[in-house]
Amino acid sequence: MIEARHLRVLRAVAATGSFSAAARELGCTQPAVSQQMKALESSAGTPLLIRTGREMRLTQAGEALTRHAAGILAGLTAAEEEVAAIAGLRAGRVRLVSFPSGSSGLVPAALAALRAAHPGTRVSLEEAEPPRSAELLRAGDCDIALAFRYAGATAPDEWEDLVVRPLLTDRLVGLVPEGHRLADAEAAGIGELAADPWIAGCPRCRRQLVEVCETEGFTPRIDFATDDYPAVLGLVAAGLGVAVLPALALESLRPRGVRSIAVEPAVEREIVALTLPDLAQVPAVAATLDHLAATAGR
């Protein structure tokens with residue numbers, strides 16, 4: 001194994017022509033230079049220097065290794081500088097995957113704060129709903145995945161192999177048209193909406209809606225299903241049905257022709273940021289997690 005420190009000694013010896021002059025240039029002793037050259041020749045498996053009296057010259061192998069040493073040491077220096085920049089958050093890249101309401105409600109403020117604190121850190125964003133987002137993380141296609149789960153609706157060990165950073169608890173809010181019989185109510189039991197047609201969201205949210213409704217004694221009649229939150233609001237405003245949406249999603253929307261009401265029993269989802277154990281130690285990933293948590297806590 002050829003070590004970088006040995007290559008530096010070889011270059012100094014080749015440039016100065018002697019062990020003593022190389023030692024002065026490197027700030028070490030002449031015996032130390034001699035020992036390192038012996039170690040390098042042992043690693044190379046062939047002599048690198050020819051000593052004739054006070055003169056010293058490179059063998060053909062020594063010339064070849066000296067020639068390559070310049071590029072190797074330059075590349076190593078560049079790598080060290082780049083790693084130092086990443087470790088010091090002067091550079092770095094984070095690939096973030098988020099579900100839509102997280103993308104609109106949490107991500108913008110968190111990334112703006114991250115950029116202000118660490119302008120050299122770049123973050124890319126793609127959207128995916130759980131469990132797909134966790135699959136992308138495990139496959140190495142992202143560094144952080146924003147995800148959510150409903151209490152009791154998923155296996156408790158769903159994320160046991162991941163680092164889970166809790167962000168917030170998000171309650172679902174009922175949506176009815178302005179002319180609906182419950183439009184002026186502050187709260188209503190979900191069973192009071194049993195006779196209404198429903199607009200449902202993503203598959204995980206849709207499954208949770210059906211389970212909650214069935215515990216209240218009815219199966220919702222789902223006339224429309226869409227992951228697009230503005231489309232949900234448009235359908236509700238047009239009087240085509242009722243819906244429940246996460247409060248986080250409503251923060252970035254301006255509902256028109258729609259009234260929101262608290263529904264009972266309360267349906268909550270836990271929003272988390274997921275990453276892999278090794279990635280959690282990467283400075284840019286750790287900083288992004290911190291800013292997501294700070295934004296969620298406001």
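- Evaluation of the salt bridge (Lys or Arg N to Asp or Glu O under 4.0 Å) test over residues 57-66, restricted to residues two or more places apart or in two chains, returns none.
- Here the closest non-hydrogen pair linking A22 and T16 is N-OG1, 3.3 Å.
- The CZ atom of F99 sits 9.0 Å away from atom OG of S104, with the distance rounded to the nearest 0.5 Å.
- Two residues are said to be in side-chain contact when any heavy atoms from C-beta on lie closer than 4.5 Å; P130 and R204 meet this criterion.
- In terms of heavy atoms, C202 sits closest to D227 at CA-OD1, 2.9 Å.
- Q281 meets the side-chain hydrogen bond (donor to acceptor under 3.5 Å, both in side chains) test with no other residue; sequence neighbours excluded.
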Between side-chain atoms of residues 131-141 and protein atoms elsewhere (two or more places apart, or another chain), which donor-acceptor pairs fall under 3.5 Å?
unit_1, atom_1, unit_2, atom_2, d
R138, NE, D161, OD1, 3.4
R138, NE, D161, OD2, 2.8
R138, NH2, E158, O, 2.9
R138, NH2, D161, OD1, 3.0

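- A287 and L114 make their closest contact through CB-CD1, 3.9 Å (heavy atoms, listed as atom of the first residue, atom of the second, distance).
- Side-chain atoms of E270 and V272, non-hydrogen and from C-beta on, do get closer than 4.5 Å to each other.
- Considering only heavy atoms from C-beta on, L175 comes within 4.5 Å of L233 through its side chain.
- Between P166 and V164, the shortest heavy-atom distance links the atoms CD-O, 3.3 Å.
- Sorted by first and then second residue, the salt bridge (Lys or Arg N to Asp or Glu O under 4.0 Å) pairs involving residues 273-290 (not counting sequence neighbours) are R165-D290.
- When all heavy atoms are compared, the tightest approach of F19 to V33 is CD2-CG1, 3.8 Å.
- A pairwise comparison of heavy atoms in A280 and V163 identifies CB-CG2, 4.2 Å as the closest pair.
- Atom CG of L172 and atom SG of C205 lie 7.0 Å apart (nearest 0.5 Å).
- A donor-acceptor pair under 3.5 Å links the side-chain atoms of D228 to the main chain of A231, judged by distance alone.
- Under the 4.5 Å side-chain contact rule for hydrophobic residues, F218 and I199 do not share a cluster.
- Under a hydrophobic clustering in which Ile, Leu, Val, Met, Phe, Trp and Tyr are joined whenever their side-chain heavy atoms come within less than 4.5 Å, directly or via other members, L96 and L276 fall into the same cluster.
- Residue pairs meeting the side chain to side chain donor-acceptor pair (under 3.5 Å) criterion with at least one partner in residues 84-102, sequence neighbours excluded, are R95-D143, S98-S103, S101-R269.
- Remark: I261 CD1 to H180 NE2 distance equals 7.5 Å, nearest 0.5 Å.
- Interatomic distance, T169 OG1 to I271 CD1, rounded to the nearest 0.5 Å: 8.5 Å.
- No side-chain heavy atom of L40 sits less than 4.5 Å from a side-chain heavy atom of V9.
- Taking hydrophobic clusters as Ile, Leu, Val, Met, Phe, Trp and Tyr residues chained together by side-chain heavy-atom distances below 4.5 Å, V263 does not share a cluster with V173.
- Side-chain atoms of R206 and I222, non-hydrogen and from C-beta on, do get closer than 4.5 Å to each other.
- For the pair T275/L162, no side-chain contact is recorded, criterion being any heavy-atom separation below 4.5 Å from C-beta on.
- There is no path of hydrophobic side-chain contacts, each under 4.5 Å, that joins V236 to V244.
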request  = Under the side-chain contact (heavy atoms from CB on, under 4.5 Å) rule, what do L106 and L168 come out as? Steps first, then yes or no, please.
outcome  = CA-CA 10 Å; L106 281 177; L168 59 87; 3.9 Å; yes
task = Using the side-chain contact (heavy atoms from CB on, under 4.5 Å) rule, take L146 and L292 through it: C-alpha gap first, then chi angles, then the decisive distance, then the call.
result = CA-CA 10 Å; L146 285 189; L292 286 168; 4.0 Å; yes
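- Rounding to the nearest 0.5 angstrom, the gap separating the CD atom in E80 from the CG atom in L73 is 9.5 Å.
- Listed by first and then second residue, the salt bridge (Lys or Arg N to Asp or Glu O under 4.0 Å) pairs that reach into residues 183-200 are R181-D196, D184-R259, sequence neighbours excluded.
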inquiry  = Under the criterion side-chain contact (heavy atoms from CB on, under 4.5 Å), I'd like the reasoning laid out for E211 against Y150: C-alpha separation, chi angles, the key distance, then a yes or no.
reply    = CA-CA 11 Å; E211 290 177 359; Y150 294 96; over 6 Å; no
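- You'll find the side chain of L10 reaches within 4.5 Å of the side chain of L65, heavy atoms only.
- Looking only at side-chain heavy atoms (C-beta outward), L289 and H291 stay at 4.5 Å or farther from each other.
- Atom OG1 of T66 and atom CG of L48 lie 7.5 Å apart (nearest 0.5 Å).
- The pair R171-E268 fails the salt-bridge criterion, with no side-chain N (NZ, NE, NH1 or NH2) lying under 4.0 Å from an Asp/Glu carboxylate O.
- Hydrophobic cluster membership is shared by L111 and V285, with clusters built from Ile, Leu, Val, Met, Phe, Trp and Tyr side chains linked at under 4.5 angstrom.
- Each of L125, I144, V282 was compared with V94 under the side-chain contact (heavy atoms from CB on, under 4.5 Å) criterion, and only I144 meets it.
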Intermediate values then yes/no, side-chain contact (heavy atoms from CB on, under 4.5 Å), E251 and L253 = CA-CA 6 Å; E251 290 180 5; L253 299 173; over 6 Å; no
